[in-house]
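Comments concern the structure below.
Reminder, nothing fancy here: chain letters follow the sequence lines and each chain counts from 1. A quick note: this is a predicted structure, and the numbers were derived from the prediction, not measured.
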Number of protein chains: 2
Amino acid sequence: MTEAWTIPQTIRWSIPDETRKSWDRKIPYYMRFRDHFAAMIETGALAPGTRLPPERALAEDFSITRVTVRQALTRLETEGLIFREERRGWFVSPPRVRYDPIANTGFTESITEQGRVAGTTVLSKQQVAASQWESTHLGCALGAPIYLISRLRSVDGRAVLVEQIHIKVARCPGLLDYPLDQSMTDLMADKYGIIEHRAQINMRPTALSEIPAKALGVTVGTPGLYLSRAILDQSDQVVEIDQEFWRHDAIDICVSAAGRHESESGD
Amino acid sequence: MTEAWTIPQTIRWSIPDETRKSWDRKIPYYMRFRDHFAAMIETGALAPGTRLPPERALAEDFSITRVTVRQALTRLETEGLIFREERRGWFVSPPRVRYDPIANTGFTESITEQGRVAGTTVLSKQQVAASQWESTHLGCALGAPIYLISRLRSVDGRAVLVEQIHIKVARCPGLLDYPLDQSMTDLMADKYGIIEHRAQINMRPTALSEIPAKALGVTVGTPGLYLSRAILDQSDQVVEIDQEFWRHDAIDICVSAAGRHESESGD
DNA sequence: CGGCGCGGCTGGTATATACCAACTCGATTC
DNA sequence: GAATCGAGTTGGTATATACCAGCCGCGCCG
């Protein structure tokens, strides 16, 4: 319904003849089913959050088997139009939230600006010994003490991401005693005088594995977006690593870039 | 095999007890199948580009049905470990290419730096009348003449993205007469004196629709990443809009961010 | 009135089978 | 030697069916 949804549809590709031909040939059942619901969602006939009828009912109504129904539903899920909750049903996805991973605004602030309600829950906080991966990426000895904080973040009551935060104990002693359901950036600045100077961000599509899927209340293997953020201080020391697992249909990443300089070449 | 692949596996989530319990309960056939191939790929026993046996052979070897095999293969595909070519077979995915959408380097340059071979093919070039979407985003009248360029870009011979470039004819007259299989940024700077000053980038996971899927040689509905880039000049005029459709398993987005400023709050 | 249990509903996993459509590659033909 | 044809192979779509596992609500029981 929002502009974001319609962008892919408004694209005009090069060979319209090809497209026209495709209308002549037989369209698979699952695709007609998909098109039907995609249209209803995009026109707003099905409001976000609406629950779809049970798979068995859909199969009967459309005179196709449940297997075919599930093929179509999975497709709509991949497209981000609907989502499912394990053994509870299929629902129309809410509009995506815009998120700028490099901006000077945090999650809560950014969501609030969009007129939506952000929520944060601390799932766990503990002190552990650095694994191989952590020692490499945090720049500490293997087995050195680190804090591990796991949080669930939601928009309008729907969980959209789980994150795991890794911080060296030596750098922020006593961190776990502070309230952790708010901005880590602010906390580290206020209590430890640590200012984020630079961040290295990685993103890639993935499938949600068991633990993050369970935390988000989704079926394992559903598409997701992995986003990691390494935060460096003024002296280029890594002070925090944040690993985020997003529902793939919840996010619209928006970044603004400074332009290429005159002297440099592109491409 | 690369570090990027193993990150999700090295994550240590909060409730290891839960994880332990999961080993006791029955693991579905499709998951064991998945685990088997995921392990072979991650250890390098299956090299990138390797073709998997036909689905029917896999079904027989593992004593499961082809439906179940396909469920597992689709899962591995969502995870980015394997990909398929329409009616040709399943293959092990090559390592992802790192890509910084906001850096001062173009596609070819960036790929080359990673020791890989970039390729660009112009699929089509034409002049059309601006659609509603184009007039809105390019900032021109509806029906105004615009150039539409469609290109296919590959890494090591494998198509990784299709892009569609929209440029106002008024701004770059005669553009289509220049060679278009190279840097558009350079071309616009050299021939028209247009310097990229700022870019607005949007990204989100999606499913590849028919046209981009066909161009990439993949099955429609496979996961993809949609990336659009609006390029503004010195006077904040939109001079170019680039819409890119990536194979989701080909890309590892890396961006470097300037830190949050001292006076601002994060979250 | 509150907690517990059970049954029904939902999606999750799996079998067995069939036919279709596109690609491959070798053989045949011009 | 190049173009064409065709058979076989591969994935794509679809039916019909069965049982399992977790969620939910109703009703029973304390």
With side chains defined as the heavy atoms from C-beta onward, is the minimum distance between P101(A) and R229(A) less than 4.5 Å? yes
Given side chains that start at C-beta, do those of T108(B) and R153(B) come closer than 4.5 Å, heavy atoms only? yes
A side-chain contact here means heavy atoms from C-beta on lying under 4.5 Å apart; do I241(B) and E134(B) qualify? no
Send over the distance from F33(A) CZ to dG12(D) P, rounded to a whole Å. 21 Å
Whole angstroms only, please: what is the CZ-C1' distance between F83(B) and dG11(D)? 15 Å
Given atom CD of E77(B) and atom P of dG12(D), what is their separation to the nearest angstrom? 9 Å
Side chains of E163(A) and Q243(A), heavy atoms from C-beta outward: is any pair under 4.5 Å? no
Side chain to side chain contact (heavy atoms under 4.5 Å, CB included) with W90(A): which of L76(A), L58(A), T50(A), L52(A)? L52(A)
Name the pairs: protein N/O against N/O of nucleotides 14-17 of chain C, kept only if under 3.5 Å.
unit_1: dA14(C); atom_1: OP1; unit_2: Y29(B); atom_2: N; d: 2.3
unit_1: dA14(C); atom_1: OP2; unit_2: Y30(B); atom_2: N; d: 3.2
unit_1: dT15(C); atom_1: OP2; unit_2: T65(B); atom_2: N; d: 3.1
unit_1: dT15(C); atom_1: OP2; unit_2: T65(B); atom_2: OG1; d: 3.1
unit_1: dT15(C); atom_1: OP2; unit_2: T68(B); atom_2: OG1; d: 2.9

Atom CZ of R51(B) and atom C1' of dT9(D) are separated, to the nearest Å, by 9 Å
Between P on dG22(D) and CD on E55(A), what's the gap in Å once rounded to a whole number? 17 Å
For dT10(D), does either OP1 or OP2 sit under 4.0 Å from a side-chain N or O belonging to R84(B)? no
How many whole angstroms separate atom CD of E60(B) from atom C1' of dG11(D)? 17 Å
Heavy atoms within less than 4.0 Å of DNA chain C: which residues of residues 216-223 of chain B have one? Give them sorted by number. none
Here the distance between atom C1' of dT10(D) and atom CZ of F91(B), to the nearest Å, is 10 Å
Touch check for R70(A), heavy atoms < 4.0 angstrom, all strands: base, sugar-phosphate only, or nothing? base
In whole Å, I'd like the distance from the CD atom of E86(A) to the P atom of dC20(D). 18 Å
Going by ring-ring contact (aromatic ring centres under 6.0 Å, His included), name the residues that satisfy it together with Y30(B), two or more places apart in sequence or in a different chain. none
Under 3.5 Å between N/O atoms: give me all the protein pairs with nucleotides 24-26 of chain C, atom names plus distance.
unit_1: dT24(C); atom_1: OP1; unit_2: R88(B); atom_2: NH1; d: 2.9

In this structure, CD1 of I111(B) is separated from OG1 of T120(B) (nearest 0.5 Å) by 9.5 Å
Relative to the ring of F37(B), is the ring of F62(B) parallel (under 30°), tilted (30 to 60°) or perpendicular (over 60°)? tilted
Residues in side-chain contact (heavy atoms from CB on, under 4.5 Å) with R32(B), at least two apart? K26(B), I27(B), Y29(B)
Between Y99(A) and W246(A), is the ring centroid distance below 6.0 Å? yes
Does anything in residues 120-129 of chain A pair up under salt bridge (charged side-chain N to carboxylate O under 4.0 Å, His left out), and if so which pairs, sequence neighbours excluded? none
